[in-house]
Amino acid sequence: MTDAAPRYDTPEPDAFTRTYWEAAARGRLLIRHCADCDKAHHYPREFCPHCWSENVTWEPASGHATLYTWSVVHRNDLPPFGERVPYVAAVVDLAEGPRMMTEVVQAGPAELRAGMPVEVTFRGGVPVFRPRGNDVPRAPDA
């Protein structure tokens with residue numbers, strides 16, 4: 001038995017979200033798309049939040065987004081966030097339409113501006129975003 005502290009940055013997939021998290025572990029961002037109203041949404045739900053249809057499927061997202069807003073977190077006592085401070089908690093607008101909560105990496109707060117293009121990368125199987133066009137190689141442990 002281990003006495004490791006609980007972590008608050010890793011998901012606990014259930015039967016429905018497992019598809020999403022397995023794709024993220026392989027470096028793919030998925031969103032849900034409604035066949036009835038033709039709108040995409042995120043976070044993953046079994047129904048469309050726009051028209052309430054259950055005719056929704058998983059679709060690959062482009063991984064492109066724009067930065068909508070952000071906040072620099074200077075203190076967080078939950079493991080392992082305390083080791084990461086300061087970090088940038090953010091909301092991005094995915095190219096497909098949905099808004100997504102995330103973290104911005106590979107950029108300091110002074111470099112950020114609303115509307116700047118960002119792209120998905122993955123850290124430990126969790127999608128995070130970095131400024132688009134960075135010449136840093138895309139890696140699973142960004």
Side-chain angles (χ1 to χ4, degrees), residues 1-35 37-54 56-142:
M1 183 138 222
T2 180
D3 289 332
R7 291 182 58 127
Y8 297 93
D9 66 330
T10 53
E12 292 186 30
D14 58 26
F16 173 69
T17 62
R18 186 164 284 110
T19 299
Y20 176 84
W21 293 113
E22 287 176 352
R26 294 187 311 273
R28 293 181 58 224
L29 179 63
L30 297 180
I31 56 175
R32 300 286 280 172
H33 181 263
C34 178
C37 72
D38 198 31
K39 291 185 180 177
H41 64 271
H42 185 81
Y43 62 92
R45 287 166 270 199
E46 295 184 58
F47 63 91
C48 174
H50 305 286
C51 73
W52 298 94
S53 170
E54 293 181 7
V56 292
T57 57
W58 294 105
E59 279 192 359
S62 67
H64 290 177
T66 56
L67 184 60
Y68 177 73
T69 191
W70 68 95
S71 180
V72 180
V73 179
H74 293 278
R75 182 181 170 124
N76 187 334
D77 296 330
L78 297 174
F81 296 107
E83 301 163 6
R84 295 182 188 162
V85 293
Y87 62 89
V88 178
V91 177
V92 298
D93 289 327
L94 298 175
E96 294 78 11
R99 205 163 259 172
M100 178 178 175
M101 293 182 66
T102 188
E103 182 179 346
V104 173
V105 297
Q106 301 176 8
E111 301 171 62
L112 304 178
R113 67 184 191 290
M116 77 182 291
V118 292
E119 65 186 359
V120 74
T121 189
F122 295 84
R123 180 180 55 218
V126 175
V128 295
F129 284 77
R130 66 179 183 186
R132 195 174 323 152
N134 272 9
D135 53 3
V136 179
R138 203 168 158 172
D141 295 320

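Here Leu29 contributes atom CG and Glu119 contributes atom CD; the two are 12.0 Å apart, rounded to the nearest 0.5 Å. Rounded to the nearest 0.5 angstrom, His42 NE2 and Arg32 CZ are separated by 12.0 Å. Atom CD of Gln106 and atom CZ of Phe129 lie 12.5 Å apart (nearest 0.5 Å).
Under the 3.5 Å distance criterion, the side-chain polar atoms of Glu96 are matched with a main-chain donor or acceptor of Ser62. No side-chain donor-acceptor contact under 3.5 Å links Arg132 to the backbone of Met116. Judged by distance alone, with hydrogens and angles left aside, the side-chain atoms of Arg45 form a donor-acceptor pair with the main-chain N or O of Tyr43 at under 3.5 Å.
For Tyr68, the ring-ring contact (aromatic ring centres under 6.0 Å, His included) criterion is met by no residue, not counting sequence neighbours. With sequence neighbours left out, Thr66 forms a side-chain hydrogen bond (donor to acceptor under 3.5 Å, both in side chains) with no residue at all. Every residue was checked against the salt bridge (Lys or Arg N to Asp or Glu O under 4.0 Å) condition with Asp38, not counting sequence neighbours, and none meets it.
Each ring-ring contact (aromatic ring centres under 6.0 Å, His included) pair with one or both residues in residues 90-120, not counting sequence neighbours, would appear here, but there are none. Contacts classified as ring-ring contact (aromatic ring centres under 6.0 Å, His included) and involving residues 69-92 (residues at least two apart or in different chains) are given here: Phe81-Tyr87.
Here the closest heavy-atom approach between residue Pro127 and residue Thr102 is recorded as O-OG1, 3.4 Å. What you find for His41 and Cys48 is that their closest heavy atoms are CE1-CA, 4.0 Å.
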Under 3.5 Å, which donor-acceptor pairs do the side chains of residues 15-24 form with other protein atoms, sequence neighbours left out?
{"from": "Thr17", "atom 1": "OG1", "to": "Asp14", "atom 2": "N", "distance (Å)": "3.0"}
{"from": "Thr17", "atom 1": "OG1", "to": "Asp14", "atom 2": "OD1", "distance (Å)": "3.1"}

